[in-house]
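Inspection log for the structure reproduced underneath, given as structure tokens.
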2 protein chains.
Amino acid sequence: MNSNPNLAEVASLIGNPSRAAMLVSLLGGKALPAGDLARAAGISPQTASTHLAKLIHAGLLIQESYGRHKYFRLANSEVGHALEALQTISPPKPIRSLRESNQLHALQFARTCYDHLAGKIGVALTDRLLEMNFIEKSGKEFLLNAKGKIKLHEFGVTVEKSPKSRRCFARQCLDWSERRYHLAGSLGASLTRRLFELKWIENLPDGRAVRVTDAGIKGLSDEFGLHLTIE
Amino acid sequence: MNSNPNLAEVASLIGNPSRAAMLVSLLGGKALPAGDLARAAGISPQTASTHLAKLIHAGLLIQESYGRHKYFRLANSEVGHALEALQTISPPKPIRSLRESNQLHALQFARTCYDHLAGKIGVALTDRLLEMNFIEKSGKEFLLNAKGKIKLHEFGVTVEKSPKSRRCFARQCLDWSERRYHLAGSLGASLTRRLFELKWIENLPDGRAVRVTDAGIKGLSDEFGLHLTIE
DNA sequence: GCAATATTTCGGTTATCATCGAAGTATGAA
DNA sequence: TTCATACTTCGATGATAACCGAAATATTGC
């Protein structure tokens, strides 16, 4: 019987540990060169090259060439969505090293999820927006009310729901580390972009973990009543 | 670097063609015995047994024993969601036989997707509910308005949003065959259950394709202005 | 108790594929 | 031109796992 779309092919591509590591590295939304992806997966450049070719062929990644560098990124948000959906049904992986443990903590604390903020911070900020009555839950979606619209506009976030873009405005995205929802969609992305702009958060050297700066700690407290504690 | 939850393990489980076939068979939401799943995947019972044990171990399936039969079903709706998300990024599989072609047409026309209605019919019925102003789009979610609440209540659908259930009320589910949204969530499930109850739709012998009965053709036309054409 | 059905366990075979060394291509720098 | 860097292709190796035959276990029906 075997129905139709061959999901097994795509799943087995994601199912290789090296390829999965590369895809997860790209979940942050940024494009990365082949060498970086090889290092992220802990494999040789040759091996990475064959993997990347397969991912391109399957339409999971797209490639941009800049001189001798080739940058890779997720082909579209549906790929990111599928990866996140897989993460929510994946059991947690045992930790091997202190380094991994530290990185895991950093990721659980704050990271970007494709293009918006996730981790403890992502969930906590979303909670504050709810508590301060700027957004409301509505099924698998958040609604931005008038009060919130004003607040975010003042904060410098361009709040516009372009009717053209089929993209969801303020999705609820299930956080794999917190197992709770954080703010995603175009609103989540705009807000996150603004936080980078203000230098309240910044990318850590590699991976998609982010760090909250001193300015960010103060700012998030003043603007959103989000009090960060050092753990 | 390799972040944390080992998504690769789950993905590689889904990535085996035999296991994928079994999982897809279970997407209809029904529980099936091991033997049926073996046949669906075209493998021997021994092989199926080892596959099923792995899927159970990984938490993708749950098992219920009735005498010498063991029934398997998807562990939760998140597993179904992940499978659907993978289908949306999977390329269509080439058709080999007339039989496969017919089955594909049947699936594209009407099928159950975990527990709600999908395919042409699923999308068309959702469209009618929108056009008749019973539900409204709101991001990745539908909202049931007062008019719709009355209509569906009259129609015999129990419309209640139990605050306990974390499940989404009226999700928009991306249809892999139509590439458009249909009504999912608990409302989608209730409505579909009612259509079965009224015998407006019925399961086809195997798989998750469904057939619209004569009563269904008349009923859908009368109640929702959905005029089915024979293709 | 005995035969039939449903499922699981074991063992051995086979095929696939991830991997890297070595060599090849392309771009940029000196 | 020459060298260095970034990536790709080829070929060989090795490990994994899907698969089925055979046999074991469990349940139902006679």
Side-chain angles (χ1 to χ4, degrees), chain A residues 1-2 6-26 30-73 75 93 206, chain B residues 1-2 6-26 30-73 75 93 206:
Chain A
M1 122 106 215
N2 212 339
N6 55 0
L7 145 169
E9 195 161 315
V10 175
S12 74
L13 280 175
I14 305 173
N16 174 275
S18 303
R19 283 192 294 260
M22 295 193 280
L23 288 168
V24 169
S25 300
L26 293 170
K30 284 192 300 192
L32 297 174
D36 286 13
L37 291 170
R39 212 166 326 112
I43 52 178
S44 69
Q46 309 94 291
T47 306
S49 180
T50 62
H51 283 316
L52 290 168
K54 287 177 190 176
L55 293 171
I56 293 283
H57 182 75
L60 297 184
L61 298 184
I62 51 179
Q63 187 201 61
E64 295 158 21
S65 297
Y66 293 107
R68 58 185 163 181
H69 293 269
K70 297 212 174 160
Y71 282 82
F72 297 84
R73 65 166 69 248
K93 189 174 107 181
D206 53 24
Chain B
M1 124 107 215
N2 211 339
N6 56 358
L7 149 167
E9 194 160 316
V10 175
S12 75
L13 280 175
I14 304 173
N16 173 276
S18 303
R19 283 192 295 259
M22 294 194 280
L23 288 167
V24 169
S25 301
L26 293 169
K30 283 190 302 192
L32 296 175
D36 285 14
L37 291 170
R39 213 165 326 110
I43 53 178
S44 69
Q46 308 95 292
T47 307
S49 179
T50 63
H51 284 316
L52 290 168
K54 288 176 189 175
L55 293 171
I56 293 283
H57 182 74
L60 296 184
L61 298 183
I62 50 180
Q63 188 201 59
E64 295 157 21
S65 297
Y66 291 107
R68 58 185 163 182
H69 294 270
K70 298 214 174 158
Y71 281 81
F72 296 84
R73 64 167 68 248
K93 191 174 107 183
D206 52 25

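Convention: sequence-line order gives letters A, B, ...; per-chain numbering from 1.
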For His57(A), enumerate each residue passing the side chain to side chain contact (heavy atoms under 4.5 Å, CB included) test, keeping only those at least two apart in sequence or located in another chain. none
Could you pull out all residues at least two apart from Ser44(A) that satisfy side-chain hydrogen bond (donor to acceptor under 3.5 Å, both in side chains)? Gln46(A), Thr47(A)
With Asn16(B), which residues qualify under side-chain hydrogen bond (donor to acceptor under 3.5 Å, both in side chains), at least two apart? none
Starting from P on dA6(D), measure out to CZ on Phe72(A) and report it in whole angstrom. 14 Å
Return the value, rounded to whole Å, for the distance between atom NZ of Lys70(B) and atom C1' of dT27(D). 11 Å
Within the supplied structure, the quantity of interest is the number of heavy atoms (other residues, nucleotides, ligands) at a distance under 6.0 Å from Glu9(A) CD; does it exceed 12? no
Considering all heavy atoms, the nearest Leu61(A)-Leu52(A) contact: CD1-CD2, 3.7 Å
Taking Ser25(B) for its side chain and Ala21(B) for its backbone only, find out whether a donor-acceptor pair lies under 3.5 Å. yes
Run the side-chain hydrogen bond (donor to acceptor under 3.5 Å, both in side chains) test against Arg73(B) and tell me which residues pass, sequence neighbours left out. Glu64(B)
Return the polar atom pairs (N/O with N/O) between nucleotides 19-22 of chain C and the protein under 3.5 Å, or none.
unit_1: dT19(C); atom_1: OP1; unit_2: Ser18(A); atom_2: OG; d: 2.9
unit_1: dT19(C); atom_1: OP2; unit_2: Ser18(A); atom_2: OG; d: 3.3
unit_1: dT19(C); atom_1: OP2; unit_2: His51(A); atom_2: NE2; d: 2.6
unit_1: dC20(C); atom_1: OP2; unit_2: Ser44(A); atom_2: N; d: 3.1
unit_1: dC20(C); atom_1: OP2; unit_2: Ser44(A); atom_2: OG; d: 2.9
unit_1: dC20(C); atom_1: OP2; unit_2: Thr47(A); atom_2: OG1; d: 3.0
unit_1: dG21(C); atom_1: N7; unit_2: Gln46(A); atom_2: NE2; d: 2.6

If a pair satisfies salt bridge (charged side-chain N to carboxylate O under 4.0 Å, His left out) and one of its residues is in residues 11-24 of chain B, list it, with sequence neighbours excluded. none
Toward the 5' end of DNA chain C, by each residue's nearest nucleotide, Ser12(A) or Pro33(B): Pro33(B)
Heavy atom of residues 52-59 of chain A under 4.0 Å from DNA chain D: which residues? none
If every non-hydrogen atom of Tyr71(B) is compared with every non-hydrogen atom of Ala31(B), which pair is closest and at what distance? CD2-O, 3.6 Å
Kindly give the atom pairs (protein nitrogen or oxygen, nucleotide nitrogen or oxygen) under 3.5 Å for nucleotides 28-30 of chain D.
none

Taking atom P of dA6(D) as reference, at what distance in whole Å does atom CG of Leu32(A) sit? 15 Å
Between Leu23(A) and Leu7(B), does the side chain to side chain contact (heavy atoms under 4.5 Å, CB included) criterion hold? Intermediate values first, please. CA-CA 10 Å; Leu23(A) 288 168; Leu7(B) 149 167; over 6 Å; no
